[in-house]
Asks: 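Below are the structure tokens for one structure; questions will follow.
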Amino acid sequence: MDEALKQRIEFLKETDKMKTILRQNWVIGRSRREDDAAHSWHCALMAMTLAPYAKPEINVDRAVKMLLVHDLVEIYAGDTPCYDVDVVKTQETREKAAASKVESLLPEVQGKEYRALWEEFSACETEDAKYAVTIDHLQPLFLNYFTDGASWQTRTVSKAQVLKRNAIAKETVPELYPVIESAVEELYQKGLLS
């Protein structure tokens, strides 16, 4: 077996750890909390499924690639609950160090490619990255909508916070934004958001 193949196999073995990184969200049915691997897969599937609502200039395939690698850093940095202000303060530093570690696991060219996708996603400046981030933010809202705010029951999350986090959808999937607003309003009216 050549060295590059050996590296790739080790990378795939290491990234299996994403299945053990628990997130704050509960899966629909509330049988367990979601893990990073399930989140990344669901985001990629959502990006493909909701592609007809994306602005035409968005390259959905590139966004899907970003969604598949965007949380690899959490193998080493852990999940950062988006509404936990204290933990968010250290997120960038932890994740940059983790991104270097992830990059080093692969042959150089492929490692740099994955790192570039992660950095583009994190910077959220290109149309493709904005769409990927939109989906990344929408997926937990989707889960909370169908679990009656299960992950929000352990902390106080406000309607304003959820709308602010999902505001990027106005730009990337403008047709869907009224549906998002309506879902948030419904959750607020049920008393699931402050």
Asks: Measure the shortest side-chain to side-chain distance between Leu143 and Val27 over non-hydrogen atoms and say whether it is less than 4.5 angstrom.
Replies: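 Side chain of Leu143 against side chain of Val27, heavy atoms only: no contact under 4.5 Å found.
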Asks: Got a second to check how far Gln7's CD is from Leu12's CG, nearest 0.5 Å?
Replies: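 CG of Leu12 is found 11.5 Å from CD of Gln7.
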Asks: Looking only at non-hydrogen atoms, find the nearest pair between Ala98 and Tyr76 and report the distance.
Replies: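 Nearest heavy atoms, Ala98 then Tyr76: CB-CB, 3.8 Å.
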Asks: May I ask you to check whether over 12 heavy atoms, not counting those of Glu119, lie within 6.0 Å of atom CD?
Replies: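 Enclosed: over 12 neighbouring heavy atoms sit under 6.0 Å from CD of Glu119.
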Asks: So, does Asp136 use its side chain to make a donor-acceptor pair with the main chain of Ala132 at under 3.5 Å?
Replies: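 Side chain of Asp136 to backbone of Ala132, a donor-acceptor pair under 3.5 Å: no, none is there.
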Asks: Tell me every residue that passes ring pair (Phe, Tyr, Trp, His ring centres under 6.0 Å) with Phe11, counting only those two or more places apart in sequence or in another chain.
Replies: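 With sequence neighbours excluded, Phe11 shows a ring pair (Phe, Tyr, Trp, His ring centres under 6.0 Å) to Tyr114, given in chain and number order.
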Asks: Nearest 0.5 angstrom please: Cys124 SG to Tyr131 OH, how far?
Replies: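 So the SG of Cys124 and the OH of Tyr131 are separated by 13.5 Å.
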Asks: Would Lys89 and Val85 count as a side-chain contact (heavy atoms from CB on, under 4.5 Å) if you check the C-alpha gap in whole Å, the side-chain angles of each, and the deciding distance to 0.1 Å?
Replies: CA-CA 7 Å; Lys89 288 177 187 173; Val85 180; 4.3 Å; yes
Asks: Please check if any side-chain donor atom of Gln139 sits under 3.5 Å from a side-chain acceptor atom of Glu34, or the reverse.
Replies: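 Looking only at side-chain atoms, Glu34 and Gln139 do form a donor-acceptor pair, the distance falling under 3.5 Å.
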Asks: How far apart are the closest heavy atoms of Thr15 and Ile75, and which atoms are they?
Replies: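 Here Thr15 and Ile75 meet closest at CA-CD1, 3.6 Å.
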Asks: Return the set of residues passing ring pair (Phe, Tyr, Trp, His ring centres under 6.0 Å) with His137 (not counting sequence neighbours), or none when no residue passes.
Replies: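 Result, ring pair (Phe, Tyr, Trp, His ring centres under 6.0 Å) vs His137: none returned.
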Asks: What residue pairs, at least two apart or across chains, pass salt bridge (Lys or Arg N to Asp or Glu O under 4.0 Å) with a residue in residues 167-180?
Replies: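 Pairs touching residues 167-180 that pass the test: Lys130-Glu171.
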Asks: Got a second to check how far Met48's CE is from Cys43's SG, nearest 0.5 Å?
Replies: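 If we round to the nearest 0.5 Å, Met48:CE and Cys43:SG are 13.0 Å apart.
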Asks: Taking the side chain as C-beta and beyond, is there a heavy-atom pair between Glu95 and Thr80 under 4.5 Å?
Replies: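 Contact flag for Glu95/Thr80 side chains = yes.
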Asks: Step through the shown structure and confirm whether more than 12 heavy atoms of other residues, nucleotides or ligands are within 6.0 Å of CD on Glu92.
Replies: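 No - once you tally the heavy atoms of other residues, nucleotides and ligands closer than 6.0 Å, there are 12 at most.
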Asks: To the closest 0.5 Å, what do you measure between CD1 (Ile135) and NE2 (His42)?
Replies: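 Ile135 CD1 to His42 NE2: 10.5 Å, rounded to 0.5 Å.
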Asks: Are Leu192 and Ile28 joined in one hydrophobic group, where the rule is that I, L, V, M, F, W and Y side chains link up if heavy atoms are under 4.5 Å apart?
Replies: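 Shared cluster, yes.
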Asks: Within the side chain of Ser182, is there an N or O that forms a donor-acceptor pair under 3.5 Å with the backbone of Pro178?
Replies: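 Side chain of Ser182 to backbone of Pro178: no pair is present.
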Asks: Can a donor-acceptor pair be found, under 3.5 Å and without considering hydrogens, that links the side chain of Asn166 to the backbone of Thr134?
Replies: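 It does not hold such a pair.
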Asks: Should we say atom OH of Tyr83 is surrounded by more than 12 heavy atoms from elsewhere, each under 6.0 Å from it?
Replies: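 Yes.
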Asks: Check Thr156 against Ser194 and note the closest heavy-atom contact, atom names and distance.
Replies: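 What the structure gives for the nearest pair is CG2-OG, 3.5 Å.
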Asks: Among the clusters formed by ILVMFWY side chains lying less than 4.5 Å apart, do Val73 and Met66 turn up in the same one?
Replies: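 They do not share one cluster, since no chain of ILVMFWY contacts under 4.5 Å joins Val73 to Met66.
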Asks: How close do Leu22 and Asp79 get, heavy atom to heavy atom, and via which atoms?
Replies: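 Answer, listing the atom of Leu22 first, then Asp79: O-CB, 3.8 Å.
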Asks: Indicate if Phe146 and Trp26 have the same hydrophobic cluster label, given that clusters are the connected sets of ILVMFWY residues with side-chain heavy-atom separations under 4.5 angstrom.
Replies: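 They do not share one cluster, since no chain of ILVMFWY contacts under 4.5 Å joins Phe146 to Trp26.
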Asks: Can you list the other members of the hydrophobic cluster that holds Met1, where links are side-chain heavy atoms under 4.5 angstrom apart?
Replies: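 Listed partners: Leu5, Ile9.
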Asks: Could you give all pairs that pass the salt bridge (Lys or Arg N to Asp or Glu O under 4.0 Å) test and reach residues 142-151, with sequence neighbours left out?
Replies: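 For residues 142-151: Asp148-Lys190.
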Asks: Which pairs, with at least one residue in residues 41-55 and sequence neighbours excluded, count as a salt bridge (Lys or Arg N to Asp or Glu O under 4.0 Å)?
Replies: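 Residue pairs passing salt bridge (Lys or Arg N to Asp or Glu O under 4.0 Å), neighbours aside: Lys55-Glu57, Lys55-Glu127.
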Asks: Can you tell if the side chain of Trp41 reaches within under 4.5 Å of the side chain of Asp35, non-hydrogen atoms only?
Replies: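 The answer is no, as the side chains (C-beta and beyond) never meet within the 4.5 Å cut-off.
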Asks: Tell me every residue that passes salt bridge (Lys or Arg N to Asp or Glu O under 4.0 Å) with Glu10, counting only those two or more places apart in sequence or in another chain.
Replies: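 None.
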Asks: Got a sec, which residues hit salt bridge (Lys or Arg N to Asp or Glu O under 4.0 Å) with Glu181, two or more places apart in sequence or on another chain?
Replies: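 Scan of Glu181 (salt bridge (Lys or Arg N to Asp or Glu O under 4.0 Å), adjacent residues dropped) gives none.
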Asks: For Asp36, which residues count as a salt bridge (Lys or Arg N to Asp or Glu O under 4.0 Å) partner, sequence neighbours excluded?
Replies: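 Residues passing salt bridge (Lys or Arg N to Asp or Glu O under 4.0 Å) with Asp36: Arg23.
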Asks: Rounded to the nearest 0.5 Å, what's the gap from OH on Tyr53 to CD1 on Ile58? Could you check?
Replies: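 One gets 14.5 Å once the value is rounded to the nearest 0.5 Å.
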Asks: Taking only residues two or more places apart in sequence, or in another chain, which ones meet Tyr145 in a ring pair (Phe, Tyr, Trp, His ring centres under 6.0 Å)?
Replies: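 For Tyr145, no residue satisfies ring pair (Phe, Tyr, Trp, His ring centres under 6.0 Å) once neighbours in sequence are set aside.
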Asks: On a heavy-atom basis, which atom in Val102 and which in Leu72 lie closest, and how many Å separate them?
Replies: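 Between these two residues, the closest heavy atoms are CG2-O, 3.9 Å.
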Asks: Should Glu74 and Met18 count as side-chain neighbours, where that means a heavy-atom distance under 4.5 Å?
Replies: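 No - every pair of side-chain heavy atoms lies 4.5 Å or more apart.
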Asks: Just jot down the ring pair (Phe, Tyr, Trp, His ring centres under 6.0 Å) partners of His70, sequence neighbours excluded, or say none.
Replies: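 His70 satisfies ring pair (Phe, Tyr, Trp, His ring centres under 6.0 Å) with His39, Phe121 once adjacent residues are dropped.
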Asks: Report yes if some heavy atom in the side chain of Arg8 is under 4.5 Å from a heavy atom in the side chain of Pro107; otherwise report no.
Replies: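 SC-SC contact between Arg8 and Pro107 confirmed.
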Asks: Would you call Lys13-Asp16 a salt bridge at under 4.0 Å N-O?
Replies: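 Salt bridge between Lys13 and Asp16, a charged N being under 4.0 Å from a carboxylate O: no.
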Asks: Does the side chain of Ser40 pick up a donor-acceptor pair with the side chain of Asp71 at under 3.5 Å?
Replies: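 No, no side-chain donor-acceptor pair sits under 3.5 Å.
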Asks: Are Leu193 and Leu163 co-members of a hydrophobic cluster defined by side-chain heavy atoms under 4.5 Å apart?
Replies: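 Yes: a chain of side-chain contacts under 4.5 Å links Leu163 to Leu193.
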Asks: Might you work through the side-chain contact (heavy atoms from CB on, under 4.5 Å) test for Cys82 and Gln24, ending with a clear yes or no?
Replies: CA-CA 9 Å; Cys82 63; Gln24 303 303 305; over 6 Å; no
Asks: Show the nearest heavy-atom pair for residues Ala44 and Leu68, with the distance to one decimal.
Replies: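 Reported closest heavy-atom pair: CB-CD2, 3.8 Å.
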Asks: Measure the OG1-CG distance between Thr147 and Asn25 for me, rounded to the nearest 0.5 Å.
Replies: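 The CG atom of Asn25 is 7.5 Å from OG1 of Thr147, to the nearest 0.5 Å.
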Asks: Name all residues meeting the salt bridge (Lys or Arg N to Asp or Glu O under 4.0 Å) criterion together with Arg62; count only those two or more places apart in sequence or in a different chain, and write none if there are none.
Replies: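 In terms of salt bridge (Lys or Arg N to Asp or Glu O under 4.0 Å), with neighbours along the sequence ignored, Arg62 is linked to Glu120, Asp128.
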Asks: Is Val173 reachable from Leu141 through a run of I, L, V, M, F, W or Y residues, each pair having side-chain heavy atoms under 4.5 Å apart?
Replies: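 Both belong to a single hydrophobic cluster.
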Asks: Under 3.5 Å, is there a donor-acceptor pair between the side chain of Arg94 and the main chain of Val87?
Replies: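 At least one qualifying donor-acceptor pair exists.
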